[in-house]
S.K.: 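If you scroll down you'll find the structure; I have some questions about it.
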Amino acid sequence: MSFPFMRHRRLRSSAGIRGMVRETVLNPLDLIQPIFVTYGTGIKREIGSMPGVYHFSLDTLKEEVDEIVSLGIPAVLLFGIPETKDAVGSSGFDEHGIVQEATRLIKQWYPDLLVVADTCLCEFTDHGHCGMVHTHTVDGVVHGDVMNDASLELLTRTAVSQAKAGADIIAPSNMMDGFVQAIRAGLDEAGFEHVPIMSYSVKYASAFYGPFREAADSAPQFGDRKTYQMDPANVREAIREAESDVLEGADMLMVKPALAYMDVIRVIRDQFALPLVAYNVSGEYSMVKAAAQQGWINEKAIVLELLTGLKRAGADTIITYHAKDAVRWLRGE
Ligand code: PBG
């Protein structure tokens, strides 16, 4: 059937009809709000490149968590800024580390709010890499690389300490080979066989993490992350990464960043049956905020369009710094 019998505009003719035929609906239950917790007291400090996102010390954290819960957002993703950093990131797996303490508090306040713990060492190492490094200096310039297998042990300790503190989901973001298997084995051995792993399976070496590295004070002090994070040019490699994680026992897969990688989200959605998470990262947030502050775009419409686009591309769940605002807008506030 073709024009004039077929008219596509019939199904767009009123808000009621558009609502009836809408294929993708964004729901507050789809969202995860990241939170940055920091050492010290009385701190609620806005992150320069991420307007509306703050560092909270443990004593100011409750009002933020209250708000997230009152909006009906089911989960938070915790990042920690420790007081001290060292070569192996020991504040990351300290039983009384900042993420562990924040997790305990949040679970005490809200047992039903899901706490997702990002399992990585870059926020806790003095060199800013995601694992242990071996380095050598040539003419005063430090060169080095992350040691894969030695790092797995530290990452596993980190994950177990997060689970012990009450984390509901472990989300390893370090991109070492074999991290899902190592962490799964460590969790099981420690009695946390019921705690799922949300694997950052497909994580690209992206310039979109720039504002996060300011927020987490985690920029690498030498080199970059290209020997462990993926080349943005590759999609078949994404399938290989996801396949390994499935075999190693991942419960959920993730694609990160999100907006420049919607094709990757679609490919992973079509090839794997596990729940899929898209991470709408810091630089993606900052771009929207900057343009909105200039008055160049309609922030509300743009954010809801982007998040709906990620669901349409195949994401079940979206980690986004826009989560609180998005829920307010979905409620028509
Ligand atoms: C830790 C980690 C990073 C992000 C999440 N977990 C930074 C990185 O890999 O450099 C980035 C999140 C964002 O940009 O919002 N490895």
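Residues: numbered from 1 along the sequence shown. Counting starts at 1 for both ligands and their atoms, following the listed order.
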S.K.: Which ligand 1 atoms, with their elements, are less than 4.0 angstrom from a heavy-atom of Val281?
M.R.: 13 (C), 14 (O), 15 (O)
S.K.: Consider side chain to side chain donor-acceptor pair (under 3.5 Å). Of Thr24, Thr317, Asp30, Asp316, which one does Lys311 pass it with?
M.R.: Asp30
S.K.: Does ligand 1 have a heavy atom under 4.0 Å from the side chain of Asp118, from its backbone, from both, or from neither?
M.R.: side chain
S.K.: Please verify whether a non-hydrogen atom of Tyr279 lies at under 4.0 Å from ligand 1.
M.R.: yes
S.K.: List every atom of ligand 1 that sits less than 4.0 Å from any heavy atom of Phe79, numbering the atoms from 1 in the order shown and giving each element.
M.R.: 5 (C), 6 (N)
S.K.: Looking at non-hydrogen atoms alone, which of Arg225, Gln229, Lys256, Glu123 comes nearest to atom 3 (C) of ligand 1?
M.R.: Lys256
S.K.: Looking only at side-chain N and O atoms, does Ser206 offer a donor or acceptor that is under 3.5 Å from a partner on Gln229?
M.R.: no
S.K.: Which atoms of ligand 1 are found less than 4.0 Å from any heavy atom of Ser173?
M.R.: 1 (C), 2 (C), 6 (N), 16 (N)
S.K.: To which protein heavy atom is atom 2 (C) of ligand 1 closest, and what is the distance rounded to 0.1 Å?
M.R.: Lys203 NZ, 3.4 Å
S.K.: Could you check atom 15 (O) of ligand 1 against the protein and tell me its nearest heavy-atom contact, residue, atom and distance included?
M.R.: Tyr321 OH, 2.6 Å
S.K.: Would you say the side chains of Asn174 and Tyr200 form a donor-acceptor pair under 3.5 Å?
M.R.: no
S.K.: May I ask you to check whether Ser218 and Glu123 show a side-chain donor-acceptor distance below 3.5 Å?
M.R.: no
S.K.: List every atom of ligand 1 that sits less than 4.0 Å from any heavy atom of Cys122, numbering the atoms from 1 in the order shown and giving each element.
M.R.: 1 (C), 16 (N)
S.K.: Atom 14 (O) of ligand 1: which protein heavy atom is closest, and how many Å away?
M.R.: Ser282 OG, 2.7 Å
S.K.: Look at the rings of Phe79 and Phe212 and say which category their plane angle falls in: under 30° parallel, 30 to 60° tilted, over 60° perpendicular.
M.R.: perpendicular
S.K.: Does Glu284 have a heavy atom less than 4.0 Å from any atom of ligand 1?
M.R.: no
S.K.: With distance as the sole criterion, is a donor-acceptor pair present between the side chains of Asp66 and Tyr110 under 3.5 Å?
M.R.: yes
S.K.: Indicate whether the side chain of Ser173 and that of Asp118 have a donor and an acceptor atom separated by less than 3.5 Å.
M.R.: yes
S.K.: Is a side-chain donor-acceptor pair under 3.5 Å present for Asp145 with Thr227?
M.R.: yes
